[in-house]
Amino acid sequence: FFARENTLSLGVCNGCQMLSQLKSLIPGAAQWPEFVRNTSEQFEARFVMVEVMKSPSLMLTNLQGWQLPIVVAHGEGRVSGDINQSDVAMRYIDHQGLATERYPFNPNGSAEGITALTTADGRATIMMPHPERVFRNAQWSWTPEADGEDSSWLQLFAGAREALN
């Protein structure tokens with residue numbers, strides 16, 4: 001499955017942890033880290049801000065350079081191990097838009113705010129935050145009416161569709 005050129009993989013939260021454990025089966029994922037207990041030693045669930053980095057991720061192509069709120073809900077989301085910077089697809093940011101390790105902006109304490117990684121070909125992407133929980137504005141506590149029904153995170157799924165067409 002992972003070697004086929006017409007497939008994409010997205011691992012979110014527990015799926016992120018699972019795919020990081022399957023990295024030996026995923027071409028280009030050999031350097032992916034493990035995800036361990038949050039520095040806070042507790043489950044963290046709330047909105048945080050992230051920056052989508054320039055990366056090969058086919059799913060995140062439409063969002064590169066954007067800074068967006070997203071939901072986190074995990075107790076074991078801290079990146080553990082050395083990271084190949086070219087694999088980084090997303091990071092936690094503070095209110096100045098800077099990558100952060102500072103709590104509560106970074107809910108798990110990952111170095112450099114790293115929260116998503118991808119493979120060199122961009123077909124496999126893993127992340128701890130939950131874009132599937134915020135792809136519609138109705139899922140948010142509040143958005144301006146002018147924003148319509150879909151949030152910016154729907155672009156993640158549009159990117160996947162475009163990559164497969």
Side-chain angles (χ1 to χ4, degrees), residues 1-46 48-68 70-93 99-103 105-135 153-165:
F1 174 84
F2 296 112
R4 292 190 341 222
E5 292 184 15
N6 65 343
T7 60
L8 300 176
S9 302
L10 174 64
V12 173
C13 198
N14 294 115
C16 172
Q17 294 165 336
M18 182 193 75
L19 288 181
S20 73
Q21 294 298 310
L22 295 175
K23 63 187 174 187
S24 64
L25 302 176
I26 303 171
Q31 295 299 314
W32 280 358
E34 292 184 17
F35 293 84
V36 298
R37 187 104 173 115
N38 296 343
T39 303
S40 66
E41 291 291 324
Q42 63 186 5
F43 183 84
E44 301 288 346
R46 65 177 169 283
V48 295
M49 290 293 293
V50 293
E51 178 181 15
V52 180
M53 309 300 294
K54 183 175 180 176
S55 76
S57 175
L58 297 174
M59 293 181 191
L60 293 171
T61 297
N62 297 337
L63 295 169
Q64 287 183 11
W66 291 29
Q67 296 180 345
L68 300 163
I70 193 167
V71 168
V72 293
H74 60 264
E76 297 170 338
R78 182 168 47 94
V79 169
S80 175
D82 294 331
I83 303 294
N84 181 347
Q85 290 299 314
S86 63
D87 294 344
V88 176
M90 199 161 53
R91 61 187 181 173
Y92 296 114
I93 57 173
T100 187
E101 297 175 18
R102 202 173 90 198
Y103 184 87
F105 306 109
N106 178 334
N108 54 43
S110 290
E112 301 176 45
I114 295 168
T115 190
L117 299 130
T118 191
T119 53
D121 64 6
R123 292 186 311 104
T125 300
I126 58 174
M127 66 180 68
M128 289 309 297
H130 288 271
E132 81 286 1
R133 294 187 185 182
V134 290
F135 74 94
W153 285 108
L154 190 61
Q155 289 299 313
L156 177 119
F157 304 103
R161 184 175 183 157
E162 291 167 14
L164 293 176
N165 285 336

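Because the structure is a prediction, the values reported are computed rather than measured.
- The distance from atom CG of L117 to atom OG of S86, rounded to the nearest 0.5 Å, is 9.5 Å.
- Between A99 and I93 the shortest heavy-atom distance is N-CG2, 4.0 Å.
- Looking at I70 and P131, their side chains come closer than 4.5 Å, going by heavy atoms from C-beta outward.
- Contact annotation: the side chain of P27 never approaches that of T119 to less than 4.5 Å [non-hydrogen atoms, C-beta and beyond].
- For Q64 (side chain) and V52 (main-chain N/O), no donor-acceptor pair under 3.5 Å exists by modelled atom type.
- The structure places CE of M59 at 5.0 Å from CG of L10, a figure rounded to the nearest 0.5 Å.
- Listed for the N38 side chain is no donor-acceptor partner under 3.5 Å among the backbone atoms of F43.
- Looking at Q21 and E34, their side chains come closer than 4.5 Å, going by heavy atoms from C-beta outward.
- One side chain, T125 or S57, offers a donor N or O that lies under 3.5 Å from an acceptor on the other.
- Side-chain contact between N106 and E112: absent, with no pair of heavy atoms (C-beta onward) separated by less than 4.5 Å.
- Interatomic distance, CE of M90 versus OG1 of T118, reported as 11.0 Å (0.5 Å rounding).
- With a 6.0 Å radius and a threshold of 12 heavy atoms from other residues, nucleotides or ligands, N6 has its CG atom above the threshold.
- Residues I26 and R123 form no side-chain contact, since every pair of their non-hydrogen atoms from C-beta on lies 4.5 Å or further apart.
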Next on the checklist: I'd like to know whether V50 forms a side-chain contact (heavy atoms from CB on, under 4.5 Å) with T115, so could you lay out the CA-CA distance, the side-chain angles of the two residues, the decisive distance to 0.1 Å, and finally the verdict.
Outcome noted: CA-CA 8 Å; V50 293; T115 190; 4.2 Å; yes
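- Counting heavy atoms from C-beta on, the side chains of V71 and W153 never come closer than 4.5 Å.
- Of the candidates Q17, E132, M128, V12 forms a side chain to side chain contact (heavy atoms under 4.5 Å, CB included) with just one, namely E132.
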N/O donor to acceptor pairs below 3.5 angstrom from side-chain atoms of residues 155-165, sequence neighbours left out:
residue	atom	partner	partner atom	Å
Q155	OE1	N62	ND2	3.1
N165	ND2	R161	O	3.3

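- In this structure N108 satisfies the side chain to side chain donor-acceptor pair (under 3.5 Å) test together with H74, Y92, S110, sequence neighbours excluded.
- The OG atom of S9 sits 9.5 Å away from atom CZ of R4, with the distance rounded to the nearest 0.5 Å.
- The CD atom of Q67 lies 8.5 Å from the CZ atom of R91; values are rounded to the nearest 0.5 Å.
- Residues P107 and V72 share a closest heavy-atom pair of CG-CG2, 3.9 Å.
- Judged by the 6.0 Å distance and 45° axis criteria, R78 is not positioned over the aromatic ring of Y103.
- How far CD of E76 is from SG of C16: 12.0 Å, rounded to the nearest 0.5 Å.
- The two residues P33 and S20 come nearest to each other via the heavy atoms O-CB, 3.2 Å.
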